[in-house]
Structures are given as structure tokens and as C-alpha cells.
Amino acid sequence: MTTNPFTTTAPQIAASILSADFANLQTEIDDVLAAGADFLHLDIMDGHFVPNISFGPPVIRCVRKATAAYLDAHLMITDPLRYALPMVNAGAQNICFHVETVDNPADAARELRKLACNVGLTLNPATPVEKLWPAIDLVDMVLVMSVVPGFSGQKFMPEALPKLRQIKKRLRPDQRLEIDGGVNVETIKPCRDAGADWFVVASAIFDHPDRASAIAELRSLIT
Ligand code: DX5
Ligand code: ZN
């Protein structure tokens with residue numbers, strides 16, 4: 001378990017609780033962390049920016065109480081600036097917003113920098129990487145989506161790989177590059193080779209009968 005993934009350059013596996021059993025969230029969190037996940041990825045969906053609704057600050061607060069692991073919040077919502085503070089107050093440590101949801105990504109990043117959190121920037125598969133450039137120096141991490149956001153269990157889109165390479169070239173050593181969507185034993189190594197540092201995984205961990213061996217295999221492919 002990692003309490004601050006920015007303190008290491010080692011590749012990190014983030015378990016997305018979107019595929020967890022929410023009736024047994026404490027057990028699920030304990031289980032994936034004991035199985036070797038480095039930190040937790042929280043998929044926040046509002047039913048507007050994406051066609052699915054997941055959870056918000058009340059559940060983040062419960063997750064915060066359940067673990068000391070780093071909490072990486074991926075905001076798939078139309079108004080990230082409105083909800084970032086309640087999420088940070090609930091315990092989210094990284095606020096990663098979609099470039100498509102704000103008028104001016106650099107201004108949004110500057111606003112979020114005022115909060116006690118790390119700040120991340122992400123983009124949909126259909127969005128060109130150039131949209132990131134005005135804000136890229138202002139964030140701690142960039143997340144590349146390798147599925148159309150909204151659901152776990154989708155197929156990895158290989159178009160994400162050239163995006164990872166292009167973005168990696170623009171990042172400083174203290175910034176991190178994350179990949180999210182369809183990451184599994186077939187797709188994780190190409191993502192590592194393209195420059196990803198952090199790997200979000202939901203179904204390939206939570207739906208696996210042996211989560212510890214699933215994570216060990218994923219890690220062996222990127223180390
Ligand atoms: C998709 C979410 C992902 C999702 C990943 O909208 O952002 O984090 O949970 O799920 P898998 O790993 O199953 O593709
Ligand atoms: Zn996500």
C-alpha cells in the first residue's frame with residue numbers, strides 16, 4: 001500500500017473500486033490492498049458527463065475512514081470546480097478533472113491548486129492531446145483514458161498508446177502519467193513501454209478469482 005505515490009518512481013497499480021461489491025466495501029478495500037494494490041482509484045460519475053452514476057463525497061468519506069491508502073479521484077462530472085472541495089474535505093488526495101468539462105483548463109488547474117490536494121488532468125479517447133498543453137505544467141499528473149469513460153469492463157483502445165508517448169515527452173520527472181480503462185495482462189506492458197507510471201485496474205483485479213495472483217502477474221509485467 002502506498003500513502004503517497006508521488007514519492008516513488010516505481011510503477012503503481014491503482015485498484016478502481018468501481019468493480020467492488022459496495023455492500024461490502026470495507027472488506028473489498030482490505031482485500032485488494034492485502035492482495036498488493038498500491039492505492040485506490042475512485043471513479044466519480046454524475047450521469048451527465050458520462051451515462052452512469054457512481055458515488056460522491058459521502059462514499060469518499062467512508063472510504064477515507066476505511067483505509068490509509070492514497071485516494072485518487074477521477075472526476076467524470078460536468079462541474080469539477082464545484083465538487084472538488086467537498087471531495088478533498090471527504091478525503092480525496094488527487095483531483096483529476098476532464099479537460100472537456102472546463103472552459104479554460106489552465107485556470108481550472110490554478111483554482112484546484114489552491115486546495116490541499118494533488119491535481120490531475122485527463123482526456124477522453126476522442127480528445128486530442130493538444131488540448132492538454134495549456135495546463136500540463138500546472139498539474140501533478142495526467143491520466144490517459146483508454147476506454148470511453150462510464151463503465152468498467154470495457155476493451156482497451158490501442159489509440160491510447162501514442163497519446164501516452166506524446167504526453168510523456170512533455171512531463172517533468174516529478175509528474176506522473178496514468179492509464180485507465182481495459183488494463184489487464186495483455187495491455188499493461190505496452191502501456192508501461194509507452195511511458196505510463198500508474199495503472200488503473202478495476203475488472204482485471206476485482207473480477208479475478210485470485211486477486212493477489214492477478215496483481216502479482218500485472219506487476220511482473222511492468223517491473
Ligand atoms: C471508466 C473508469 C475506469 C474503470 C476501469 O470510466 O474511469 O477507472 O473503472 O475499469 P476496467 O479496469 O475494468 O477497464
Ligand atoms: Zn477512472
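Order of appearance sets the numbers: ligands from 1, and atoms from 1 within every ligand.
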So, regarding [X] and ligand 1 (criterion: nitrogen or oxygen to nitrogen or oxygen, under 3.5 Å), is there a contact or not?
X: M145; answer: no
X: V148; answer: no
X: H74; answer: yes

* For K168, look at atom NZ and say whether over 12 heavy atoms of other residues, nucleotides or ligands are found less than 6.0 Å away. => yes

Sub-4.0 Å atoms of ligand 1 with respect to non-hydrogen atoms of [X]:
X: M45; result: 6 (O)
X: S16; result: 8 (O), 9 (O)
X: G181; result: 14 (O)
X: V200; result: 8 (O)
X: G150; result: 1 (C), 6 (O)
X: M76; result: 6 (O), 7 (O)
X: H41; result: 8 (O)

* Would you tell me which option among S19, A202, S54, G182 has the nearest heavy-atom contact to atom 14 (O) of ligand 1? => G182

* Structure fact -> A student comparing L18, V201, I205, D180 should find that the heavy atom closest to atom 3 (C) of ligand 1 comes from D180

* Heavy-atom side-chain proximity of I167 to I136 below 4.5 angstrom -> yes

* Hey, are the side chains of L75 and I95 touching, using non-hydrogen atoms and a 4.5 Å cut-off? -> yes

* If you measure from each non-hydrogen atom of P149 to ligand 1, which part falls under 4.0 Å: side chain, backbone, both or neither? -> both

For [atom], closest protein heavy-atom neighbour:
atom: atom 1 (C) of ligand 1; result: F151 O, 3.6 Å
atom: atom 13 (O) of ligand 1; result: S203 OG, 2.5 Å
atom: atom 2 (C) of ligand 1; result: D43 OD1, 3.4 Å

* **D180: its N/O/S atom lying closest to the Zn ion (ligand 2) (atom name)** => OD2

* Asked: If you check every N/O/S atom of D43, which is the one nearest the Zn ion (ligand 2)?
  -> OD1

* Asked: Are V142 and I179 grouped together when hydrophobic residues (ILVMFWY) are joined by side-chain heavy atoms under 4.5 angstrom apart?
  -> yes

* To do: Determine whether V147 and L164 fall in the same hydrophobic cluster, where Ile, Leu, Val, Met, Phe, Trp and Tyr are linked whenever their side-chain heavy atoms lie under 4.5 Å apart.
  => no

* Side-chain (T187) to main-chain (G182) donor-acceptor, under 3.5 angstrom -> yes

* To do: Could you tell me whether the side chain of R113 and the main chain of L138 form a donor-acceptor pair under 3.5 Å?
  => yes

* Asked: Any idea how F39 and Y70 line up, ring-wise: parallel (<30°), tilted (30 to 60°), or perpendicular (>60°)?
  -> perpendicular

* **Mutual orientation of the aromatic rings belonging to W198 and F6 [parallel < 30°, tilted 30-60°, perpendicular > 60°]** => perpendicular

* salt_bridge(K155, E186) N-O dist < 4.0 Å -> no

* Can you check side-chain contact (heavy atoms from CB on, under 4.5 Å) on L123 and K163, steps first, answer last? -> CA-CA 10 Å; L123 75 175; K163 275 185 164 174; 4.0 Å; yes

* To do: Using side chain to side chain donor-acceptor pair (under 3.5 Å) as the criterion, point out the one residue from T122, D180, N94 that pairs with H74.
  => D180

* Vertex the Zn ion (ligand 2), arms to H41 NE2 and H74 ND1, rounded to 10° -> 100°

* Answer with yes or no whether A204 contacts ligand 1, where contact means a heavy atom under 4.0 Å from a ligand atom. => no

